[in-house]
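Notes follow once the structure below has been shown.
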Amino acid sequence: MGKQHGDHHDGHNTFEVSSKVSEFEILELAIRELAIEKGIFSADDHRKFAEWAEAKGPHGGSKLVAKAWSDPAFKQRLLENGVEACKEVGIDWLQPTGVGTPSDYTYFYVLENTPQVHNVLVCTLCSCYPRPVLGMSPDWYRTPSYRRRMVRRPREVLAEFGLHLPSDIEVRVHDSNQKSRFMVMPMRPEGTEGWSEEQLARIVTRDTMIGVALPRADRTSDAGSLAEQVR
Amino acid sequence: MATPKFQVGDKVRIKDRTTLFHTRTQKYIRKRVGTVVEHRPEWVIPEDEAWDRMETGRKEPFYVIRFKQTDLWPDYTGFAQDTLESEASESWLESVKG
């Protein structure tokens, strides 16, 4: 106790670690400042882009899946050419630059879950993620723990998410280690017969499109179900 | 466009090449045998793209390779049918007979 006088960080390692600025952050800041000085873009452009990127959620993906569940012809188009089919729900992978961002674009593939195969996504290199359809990746998706364990012990990791898959299903892990970006198309759950696309989209949560959860008719969104539990 | 050397269904082994700088071919698939399940378009390989050689970099066809998890990890704790897919450019692959 006594020796901690004047040192508020003792015993609070988490805060100390998070306050450190990484080399990459410094590099980004330096390049950004240079670009602003050179007039390539303005600080306001940068702020607007950051807001645009961070505001993106998984709604585009939910819409894609709901539409595919409702319209077999669309589902076929989506599986055959993900980038083109996305345009039908207003998602253009080439935006905002006209060529996409180097880390997001260029090939988008939708992986269809079947009674035999369950797909799940990971990027062992860093954090490749289909941002135009799912928004920013969750924090856990970028952790070394998820990345190294999902390829090696996928069933244990899925169980930690509460997903226990039967022994006769093939768990297929997709390492997004190159140019392709993936999204999982979960199977339409029971109890959703006759639902509209809007109703269906509400149960297609982010995690079901990463492959760490399955959609359920009684779970409209992960955040929503948590709110109900707390209530 | 170069004609892809490997066809869907071909068995391939991932080479364990020296990588001094950037690569996207992960260590855990090297020396392992998998099956080509899909072709991907030709693209500048990551080893050159990392240096921003988008015009002059080497272009190669890419492949999706499916591995049995039990072939990747001798101590795999899941089930025999579990698989993993990764992508690699052609020069990382060598054919496996049989």
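We name chains A, B, ... by the order of the sequence lines, and we start the count at 1 in each one.
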Structural part of A/Asp168 lying under 4.5 Å from a heavy atom of chain B: backbone

Under 4.5 Å, counting heavy-atom pairs only, tell me which of A/Val117, A/Val173, A/Asp175 racks up the most with chain B. A/Val173

Applying a strict 4.5 Å limit to non-hydrogen atoms, the region of A/Gln116 in contact with chain B is neither

Do A/Ser180 and B/Glu87 have side-chain atoms, one donor and one acceptor, less than 3.5 Å apart? yes

Where on A/Ile169 is there a heavy atom nearer than 4.5 Å to chain B: the side chain, the backbone, both, or neither? backbone

Under a 4.0 Å N-O cut-off, is there an ion pair linking B/Glu94 with B/Arg13? yes

Audit row: A/Arg219, A/Thr205, side-chain hydrogen bond (donor to acceptor under 3.5 Å, both in side chains) steps and yes/no: CA-CA 9 Å; A/Arg219 185 175 56 201; A/Thr205 62; 5.1 Å; no

Chain A contact via B/Phe67 - which portion, at a heavy-atom distance below 4.5 Å: neither

For the residue pair B/Trp73 and B/Tyr28, does the interplanar ring angle fall in the parallel (under 30°), tilted (30 to 60°) or perpendicular (over 60°) class? parallel

Does the plane of the ring in A/Phe182 sit parallel, tilted or perpendicular to the ring in A/Tyr109? Use 30° and 60° as the thresholds. tilted

Could you tell me which portion of B/Gln69 (side chain, backbone, both or neither) has an atom closer than 4.5 angstrom to a non-hydrogen atom of chain A? side chain

